[in-house]
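What follows is a single structure, written as structure tokens, with notes after it.
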Amino acid sequence: MSEPSIFTRILEGEVPSEIIAETENAFAIRDIHPQAPVHLLVIPKSEEYRNVVELAAGDPELLAELIGLASSLATEHGGGDFRLVFNTGPNAGQTVFHVHAHVLAGELEEKTLGA
Ligand code: AMP
């Protein structure tokens with residue numbers, strides 16, 4: 001059994017972070033190193049899926065729930081428009097292997113695609 005991910009530890013209250021939104025199967029926090037005026041992470045409560053490809057194959061409804069939550073948060077915290085980033089694999093910058101969506105909003109620089 002591997003160690004719980006940082007996001008599971010946040011969800012369980014072992015690592016301090018404010019949970020800013022929650023649905024039945026997902027939750028959201030602010031990214032600790034924001035790359036945009038609004039930079040949130042939307043995360044399934046389960047760490048069963050390591051990345052978005054596994055999530056899409058295994059539970060497309062949960063992926064849709066993440067996108068719905070991202071959209072509501074972008075409306076609540078930004079102007080409604082947003083960029084959704086799923087880093088997938090270490091060479092694409094993924095560091096936490098518990099699937100999560102970066103929700104970037106606010107005044108985004110067009111060329112800044114990364115999170
Ligand atoms: P990724 O590099 O795509 O796997 O994204 C992981 C993200 O988690 C990074 O943007 C980190 O800044 C963020 N992160 C890591 N630890 C924390 C934490 N304790 N609270 C909030 N965000 C975190």
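We count ligands from 1, going down the list as the structure has it; atoms in each ligand are counted the same way. In what follows, residues are counted from 1 in the order of the sequence shown.
Judged by the shortest distance from any of its heavy atoms, Phe97 lies outside the 4.0 Å radius around the atoms of ligand 1. Within the structure, ligand 1 has Ile10 among the residues with a heavy atom less than 4.0 angstrom away. Taking a 4.0 Å cut-off on heavy atoms, His102 registers as neighbouring ligand 1.
Looking only at distances, no side-chain donor or acceptor of Glu14 sits under 3.5 Å from a matching main-chain atom of Arg9. With hydrogens and angles disregarded, a donor-acceptor distance shorter than 3.5 Å links the side chain of Lys45 to the backbone of Glu24. For Gln94 (side chain) and Pro90 (main-chain N/O), no donor-acceptor pair under 3.5 Å exists by modelled atom type. One N or O on the side chain of Glu65 and one on the backbone of Asn25 form a donor-acceptor pair closer than 3.5 Å.
Residue-ligand proximity, His100 to ligand 1, at heavy-atom distances under 4.0 Å covers atoms 1 (P), 3 (O), 4 (O), 5 (O), 6 (C). Counting atoms of ligand 1 from 1 in the listed order, those under 4.0 Å from a heavy atom of Val96 are 4 (O), 6 (C). When each atom of ligand 1 is checked for a heavy atom of Ile29 under 4.0 Å away, the hits are 21 (C). Remark: ligand 1 atoms within the under-4.0 Å shell around heavy atoms of His33 are 12 (O). Per-residue contacts place Leu41 under 4.0 angstrom from the following atoms of ligand 1 (heavy atoms of the residue considered): 8 (O), 13 (C), 22 (N).
Across all their heavy atoms, Val42 and Val103 have their closest contact at CG2-CG2, 3.7 Å.
Side chains of Glu47 and Thr8: a donor on one and an acceptor on the other come within 3.5 Å.
Note: an N/O pair closer than 3.5 Å links Asp31 and ligand 1 by distance alone. Polar contact check, Val15 against ligand 1: no nitrogen or oxygen pair lies under 3.5 Å apart. Every N/O-N/O distance between Ile6 and ligand 1 stays at or above 3.5 Å.
Looking only at side-chain heavy atoms (C-beta outward), Leu40 and Asp31 stay at 4.5 Å or farther from each other.
Between His39 and His102, the ring planes are tilted. Angles from 30° to 60° get that label.
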